[in-house]
There are 2 protein chains.
Amino acid sequence: MASSAPSGLTLRAREIVEAARGLLEEEGPDALTMRRVAGRLGIRAPSLYKHLSGKEALEAALISDGFVELAEVFEAAVRGAEDPLGALAVAYRDFALRRPHLYRLMTDRPLRRDLLAPGVEERAARPLVEAAGGDQNLARAAWAFAHGMTILELNGRFPPAADLGAAWREGLSAFRRS
Amino acid sequence: MASSAPSGLTLRAREIVEAARGLLEEEGPDALTMRRVAGRLGIRAPSLYKHLSGKEALEAALISDGFVELAEVFEAAVRGAEDPLGALAVAYRDFALRRPHLYRLMTDRPLRRDLLAPGVEERAARPLVEAAGGDQNLARAAWAFAHGMTILELNGRFPPAADLGAAWREGLSAFRRS
DNA sequence: GTCTATATCAAGATAGAC
DNA sequence: GTCTATCTTGATATAGAC
């Protein structure tokens with residue numbers, strides 16, 4: 001009867017999303033075409049449309065998975081941490097550097113929230129808001145700092161000789177004094 | 001005799017870059033095709049290749065112009081400012097919100113520095129490094145914060161009800177204490 | 001400096017048969 | 001659930017004539 005699973009996807013749709021994920025991580029966003037995804041499963045592109053409505057839905061499923069993973073990483077990081085903000089920062093950078101293409105897909109453009117699995121974005125955000133003592137403005141500023149450091153690093157925008165660890169520490173200690 | 005002008009482009013190449021700029025700002029990155037750029041000048045796409053080597057060169061010229069404009073905006077902002085960091089922040093956000101498509105083009109991906117007009121990136125960076133008292137790590141962290149706030153705003157990633165002015169102030173006051 | 005014609009490539013998506 | 005065939009659209013770029 002079609003639907004099921006925590007993600008709300010059919011079994012076959014899950015397989016498709018996982019094939020897409022492999023392609024994205026191994027070859028980057030240009031490889032993420034309906035043809036290539038289908039090819040990875042040994043089928044033809046038109047067959048995908050029996051399981052997912054189109055490419056937007058596929059990307060939204062990838063992004064939803066990304067938020068769930070980020071939430072798990074965050075939740076593990078703050079568990080028993082004496083410096084939650086620092087632990088979240090390390091976890092965030094690490095998450096992005098391990099899956100740069102997924103991270104870009106998650107942050108590069110406006111979010112189609114209507115296509116996401118419900119609640120995943122909020123779940124990923126919660127640990128940071130708590131680490132900021134419930135101060136939303138501080139949480140947003142800290143997120144912006146972390147995203148900026150991360151995406152500028154991924155885009156190779158800092159000088160090769162830059163000490164990014166030192167820049168992270170500089171920013172973190174500034175925010176910790178808030 | 002081809003070359004001339006501060007940008008190192010021929011007169012005709014300058015006109016092409018300006019047509020491209022108008023297209024980018026008015027219709028966004030998808031409109032930035034060689035056909036559309038040529039069409040804006042009343043000519044055909046292949047004619048562009050007599051003046052510019054290709055699309056990468058065209059984009060690099062747009063980005064170079066963007067850096068020059070950003071440098072000018074920064075230099076005006078710090079002139080006689082009692083709070084240089086705050087003035088730069090306002091100028092930065094304003095620059096990006098006024099030309100969101102150009103800002104994205106400038107920051108979204110790895111920079112082809114070999115195609116840029118010489119020195120433009122450094123000129124734009126200088127006022128911030130000076131406002132940070134020459135502390136490169138602080139300057140990088142502050143840039144990351146500003147870029148994060150800006151690009152997340154452009155991407156519509158903050159809740160509609162979020163008070164972004166408050167988040168900017170929160171981050172700025174944190175960095176000012178450094 | 002511009003043109004036409006063309007090469008080359010690739011994408012997302014649908015119809016309808018099996 | 002998958003297929004073939006196809007539609008529709010679009011891109012960057014080059015050759016060679018004028």
Side-chain angles (χ1 to χ4, degrees), chain A residues 1-5 7-24 26-63 101 104-105 108-110 112 114-115, chain B residues 1-5 7-24 26-63 101 104-105 108-110 112 114-115:
Chain A
M1 263 275 48
S3 191
S4 72
S7 50
L9 300 174
T10 62
L11 280 181
R12 193 56 169 150
R14 265 266 120 237
E15 291 173 341
I16 293 169
V17 172
E18 254 128 53
R21 171 72 176 268
L23 216 38
L24 177 64
E26 290 161 25
E27 303 188 45
D30 289 351
L32 196 65
T33 72
M34 299 304 269
R35 282 185 233 264
R36 296 284 319 272
V37 171
R40 217 181 216 235
L41 292 164
I43 63 178
R44 305 286 178 168
S47 307
L48 300 178
Y49 293 83
K50 299 286 184 184
H51 307 285
L52 290 165
S53 66
K55 202 189 180 188
E56 281 200 317
L58 176 57
E59 290 179 340
L62 287 167
I63 294 171
H101 299 300
R104 269 214 183 74
L105 185 67
D108 248 14
R109 26 175 174 165
R112 286 294 305 271
D114 53 319
L115 300 179
Chain B
M1 265 258 45
S3 191
S4 72
S7 50
L9 301 173
T10 62
L11 279 181
R12 192 57 167 150
R14 264 266 120 236
E15 291 172 341
I16 293 169
V17 173
E18 254 128 53
R21 171 72 176 269
L23 216 38
L24 177 65
E26 290 161 25
E27 303 188 43
D30 290 350
L32 196 66
T33 72
M34 299 304 267
R35 282 188 235 263
R36 297 284 319 270
V37 171
R40 216 180 217 237
L41 292 165
I43 62 177
R44 306 286 179 168
S47 307
L48 301 177
Y49 293 82
K50 299 285 184 185
H51 306 285
L52 289 165
S53 65
K55 202 188 181 188
E56 281 200 318
L58 177 56
E59 290 178 342
L62 286 167
I63 294 171
H101 299 300
R104 270 215 182 74
L105 185 67
D108 247 15
R109 28 176 175 166
R112 287 292 307 271
D114 54 319
L115 301 180

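Lettering follows sequence order; numbering is per chain, from 1. Predicted model, so just to flag it, every value in this text is computed and none were measured.
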**Request:** Using a cut-off of strictly less than 4.0 Å, decide whether A:Arg12 has a side-chain nitrogen or oxygen near OP1 or OP2 of D:dT2.
**Result:** yes
**Separation of C:dC3 C1' from B:Leu48 CG (nearest whole Å)** = 13 Å
**Fill in**
CD (B:Glu18) and CZ (B:Arg40) are apart, to the nearest 0.5 Å, by 11.0 Å
**Request:** Using whole Å, report how far CG of B:Leu41 lies from P of C:dG1.
**Result:** 13 Å
**Spacing of B:Arg36 atom CZ relative to D:dT12 atom C1', expressed in whole Å** = 16 Å
**Request:** Could you tell me the separation between the CE atom of B:Met34 and the C1' atom of C:dT8, rounded to a whole number of Å?
**Result:** 16 Å
**Request:** Verify the contact: side-chain N or O of A:Lys55 to OP1 or OP2 of C:dG12, cut-off strictly under 4.0 Å; return yes or no.
**Result:** yes
**Request:** Between D:dC3, D:dA11, C:dA5, spot the one nearest the side chain of A:Arg44, thanks.
**Result:** D:dC3
**Request:** For B:Ile43 and C:dC3, give me the distance from atom CD1 to atom P, rounded to whole Å.
**Result:** 6 Å
**Request:** Report the nucleotide, chosen from D:dT4, D:dA13, D:dG16, that has the shortest atom-to-atom distance to any side-chain atom of B:Tyr49.
**Result:** D:dA13
**Item:** Euclidean distance, atom CG of residue A:Asp30 to atom P of D:dA11 [Å, nearest integer]
**Value:** 16 Å
**Request:** State whether B:Ser47 places a side-chain N or O below 4.0 Å from either non-bridging phosphate oxygen (OP1 or OP2) of C:dG1.
**Result:** no
**Request:** Counting heavy atoms from C-beta on, name the nucleotide in C:dA11, D:dC3, C:dC3 closest to the side chain of A:Pro46.
**Result:** D:dC3
**Side chain proximity check, B:Ile43 to B:Leu48, heavy atoms < 4.5 angstrom** = yes
**Prompt:** Any salt bridge between A:Arg36 and A:Glu27, counting N to O under 4.0 Å?
**Reply:** yes
**Message:** Nearest to the side chain of A:Lys50, heavy atoms from C-beta on, is which of C:dA11, D:dT2, C:dG1?
**Reply:** D:dT2
**Request:** Would you mind reading off the distance between A:His51 atom NE2 and C:dA13 atom P, rounded to a whole angstrom?
**Result:** 15 Å
**Approximate separation, where rounding is to 0.5 Å, of A:Met34 CE and A:Leu58 CG** = 6.0 Å
**Prompt:** Between the base of C:dA11 and the side chain of A:Arg35, is there a donor-acceptor distance below 3.5 Å?
**Reply:** yes
**Message:** Would you compute the distance between atom NE2 of B:His101 and atom CG of B:Asp108 and round it to the nearest 0.5 angstrom?
**Reply:** 11.5 Å
